[in-house]
Amino acid sequence: MSRLNARQREAVHYISGPLLVLAGAGSGKTSVITSKITYLVEQCGIKAKHIAAVTFTNKAAREMRERVSKLLPAHDAKGLIVATFHNLGLTILREEHKILGYKAGFSIFDSEDAKALIRDIMIRDFGDEGEEVNQVQAAISNLKNDMCEPDRAISVACNDHELMIAQVYKTYNQYLKAYNAVDFDDLILLIVALFRQHPEVLEKWQNRVRYLLVDEYQDTNIAQYELVKMLVETRSAFTVVGDDDQSIYAWRGARPENLVKLNEDFPSLKVIKLEQNYRSTSRILKVANAVIANNPHVFEKALWSELGMGDEIRIIQTRNEDAESERIAVEILDHKLKKNTHFRDYAVLYRGNHQSRLLEMKLQAHQVPYRISGGTSFFAKNEIKDAMGYLRLLINPEDDAAFLRVVNVPRREIGPSTLEKLGEYATERDISLYRAVDELGLEQRLPEKAIQKLRQFRQWLERTAEDCQRKEAISVLKQMFTDIEYEDWLYQNSNTPKQAERRMDNVWYLVDSIQRMLERDKGLADEMTLESAISRLLLMDMLEQQQEEDDTDKVHLLTLHASKGLEFPHCFIMGLEEEILPHRNSIEENNIEEERRLMYVGITRAKKTLTMTYAAQRKQYGEKIETIPSRFLDEMPEEDLVWFGKGEKDPDANKAKGRETLASLRNLMDGL
DNA sequence: GTAAGCCGTATTTTT
DNA sequence: TACGGCTTAC
């Protein structure tokens with residue numbers, strides 16, 4: 001507590017009503033949340049099991065849990081909920097699924113499952129493959145986040161396209177229900193619906209969660225806000241922490257205006273601003289403040305720090321995009337040698353993922369080790385999707401998406417035409433594929449051999465599911481992957497034996513994770529079932545940890561969006577050009593403010609030095625264009641910037657400069 | 001089942 | 001331009 005500043009302490013101690021903490025970048029908001037949890041337990045006599053802290057990402061939740069565990073002895077923290085919105089939704093749904101009409105083993109469709117289902121519906125009902133499935137999926141997700149029910153969506157649709165989306169939405173929901181499945185959005189939406197329809201259930205959860213803390217509040221969507229509001233309705237005992245200037249996810253449903261709404265919905269709301277920044281130099285903050293001052297604000301806020309002015313902000317113009325990447329690679333090497341730093345102290349931020357490509361090539365050429373955030377997630381890997389398919393089918397045989405995923409992996413000689421006929425039959429009878437397999441009516445539609453294969457598969461699954469009840473689940477799972485000779489299949493379908501080996505390791509890692517989850521609270525009252533372990537797993541949780549262990553000495557490459565919440569001693573932001581940052585579409589949609597916040601987020605990642613680059617000329621969609629430097633550069637105070645490469649008319653001037661830098665580099669290296 | 005060729009598209013992404 | 005997704009042809 002003594003390590004907190006006055007404002008932070010005030011935020012921790014204020015418990016007499018609803019509280020909004022406007023926490024600027026780097027102002028120690030996580031410390032406030034974790035200290036507050038400790039304070040509530042130790043000083044206010046609130047039991048940990050009556051406190052919930054909600055975040056958006058597993059990473060944030062994990063960090064928070066770790067930090068709380070350092071402040072609170074384990075037995076005092078017992079029952080504390082630190083979870084993502086989705087995990088909290090899952091917890092509630094697991095307990096209340098019956099009221100909503102779901103069976104215990106319900107599946108969670110990830111966005112790929114959902115997409116496949118939406119595609120099927122669109123083809124079947126509209127024969128319209130021209131329509132963009134991704135768009136429809138996003139539209140449905142938006143409707144769900146806005147809490148618009150299918151019937152309402154149908155009635156308010158004001159053109160054919162919207163009507164089509166609404167109809168697909170309705171059918172999609174019906175299918176999910178039939179599959180005993182929910183999607184990510186449902187994890188929030190269904191809980192809100194449940195609370196509305198069953199006040200007694202709401203009351204039960206209000207009693208469970210007596211103090212609520214919400215992180216990154218500006219990122220909540222309508223459904224999430226509704227959930228928060230309902231949970232805190234009676235007690236108004238909550239703290240939300242957010243920063244309207246860091247709202248960069250409006251495009252996927254986040255409603256930063258929820259900050260204002262909070263003020264309206266809770267007139268007694270107290271607002272505390274955290275403006276002291278512990279991360280960056282004063283100059284970096286001055287530039288950040290200057291840029292964001294161009295946005296309208298409900299709550300004025302200005303960051304400051306005691307870390308000294310620091311270096312000037314560098315703006316580097318290069319000839320073209322090639323030189324831009326080259327320059328960044330060289331600057332990193334140069335700086336690292338001169339200042340004797342580590343590669344991991346550097347980050348390069350960009351607007352769009354494609355911008356990393358050239359940069360990667362240049363970094364490789366200079367043998368600069370790097371890591372890119374935002375590659376394929378663990379769950380996007382094919383072997384994991386397969387394995388999850390089996391697990392899902394085991395606990396929920398109605399899960400058609402899982403059935404289709406694994407029925408012929410490895411090969412069981414069950415091909416597309418068999419599945420199509422089976423699907424037709426199942427649709428007619430309104431039953432799942434799994435059930436359809438056992439129906440006698442199939443004999444008329446499918447050849448003997450196909451039916452035999454299908455029934456073999458079904459019987460094998462049934463036996464395995466029974467074994468899970470009788471024997472130790474983990475050994476059954478291990479046996480299952482051996483049974484189907486999955487490893488052999490991987491070897492046949494991977495590029496190299498090494499890759500196959502790695503993929504099999506991933507599968508075993510998945511099984512291990514389940515084992516760990518099952519064993520963690522074995523014998524306890526709320527012992528985890530196989531069902532809940534598997535559904536937890538789907539919301540990631542422990543799996544992404546292993547990916548991040550690759551924390552060796554590497555330069556970080558990431559999008560501005562992905563950089564939120566992180567910090568680096570030395571930051572590069574590339575592509576400061578009109579049409580890139582701010583992005584072209586945002587200019588067209590007149591949505592400069594969110595782009596400006598993105599710029600703000602980028603600037604405030606830097607602790608010591610900040611370098612921004614742009615190319616005078618760039619190839620775009622095949623043709624060369626003269627670029628215009630980003631308007632955001634004009635918004636930065638000139639006296640804090642140093643420009644390089646600007647106004648040099650000779651296009652070779654930069655080349656010369658590059659050579660010069662390289663030469664000095666070689667000298668330095670020779671000296672070592 | 002695979003490889004070549006054609007077409008359309010071109011932000012940000014978590015759960 | 002460049003890539004991915006999809007169709008087509010073997």
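Chain letters run A, B, ... following the sequence lines, proteins first, then strands; residues in each count from 1. Note that these values count all heavy atoms, side chains included, but never hydrogens, waters or copies made by symmetry.
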Checklist entry - Contact class for R357(A) vs. all strands (heavy atom < 4.0 Å): base, sugar-phosphate, or nothing? => result sugar-phosphate
Item to check | dA2(C) and dT11(B), which share atom name P, separated by this distance in whole Å | outcome: 15 Å
Next on the checklist: Among residues at least two apart in sequence or on other chains, which ones pass side chain to side chain donor-acceptor pair (under 3.5 Å) with Q174(A)?
Outcome noted: none
Checklist entry - Does the aromatic ring of H583(A) sit over the six-membered base ring of dT11(B), closer than 5.5 Å centre to centre and tilted less than 30°? => result yes
Checklist entry - What is the distance, rounded to the nearest whole Å, between atom CZ of F184(A) and atom P of dT13(B)? => result 16 Å
Item to check | Side-chain N or O of N58(A) closer than 4.0 Å to phosphate OP1/OP2 of dT15(B) | outcome: yes
Checklist entry - With under 30° as parallel and over 60° as perpendicular, where do the rings of F572(A) and Y346(A) fit, or are they tilted in between? => result tilted
Item to check | Listed nucleotide nearest any side-chain atom of S586(A), set dT13(B), dT15(B), dT11(B) | outcome: dT11(B)
Item to check | D113(A) CG to dT15(B) P, straight-line distance once rounded to whole Å | outcome: 16 Å
Checklist entry - How long is the line joining CD of Q620(A) and C1' of dA10(B), in whole Å? => result 9 Å
Item to check | Length of the line joining H354(A):NE2 and dA10(B):P, which is rounded to integer Å | outcome: 12 Å
Item to check | Residues forming a ring pair (Phe, Tyr, Trp, His ring centres under 6.0 Å) with F403(A), sequence neighbours excluded | outcome: F457(A)
Next on the checklist: Does the plane of the ring in H86(A) sit parallel, tilted or perpendicular to the ring in F184(A)? Use 30° and 60° as the thresholds.
Outcome noted: perpendicular
Checklist entry - With sequence neighbours left out, what residues match S325(A) under side chain to side chain donor-acceptor pair (under 3.5 Å)? => result none
Checklist outcome for this item: Whole-Å distance, D215(A) CG to dT14(B) P, equals 16 Å
Next on the checklist: I need the CE-P distance between M574(A) and dT12(B), as an integer number of Å.
Outcome noted: 13 Å
Checklist entry - Starting at CG of N585(A) and ending at P of dA10(B), how long is that distance when rounded to a whole Å? => result 8 Å
Checklist outcome for this item: Sorted by chain and number, sequence neighbours left out, side chain to side chain donor-acceptor pair (under 3.5 Å) with N142(A) holds for none
Checklist entry - Which of these nucleotides, dT14(B), dT12(B), dG1(B), is closest to any side-chain atom of N353(A)? => result dT12(B)
Next on the checklist: Please enumerate all residues that pass side chain to side chain donor-acceptor pair (under 3.5 Å) together with D386(A), with sequence neighbours excluded.
Outcome noted: R405(A), Y486(A)
Checklist entry - Taking DNA chain B as the partner, which of residues 242-256 of chain A come within under 4.0 angstrom of it by heavy atom? => result W251(A), R252(A)
Checklist entry - Between L598(A) (CG) and dT12(B) (P), how many Å, whole number? => result 11 Å
Checklist entry - How is Y621(A) classified with respect to the nucleic acid when contacts are heavy atoms under 4.0 Å: base, sugar-phosphate, or nothing? => result base
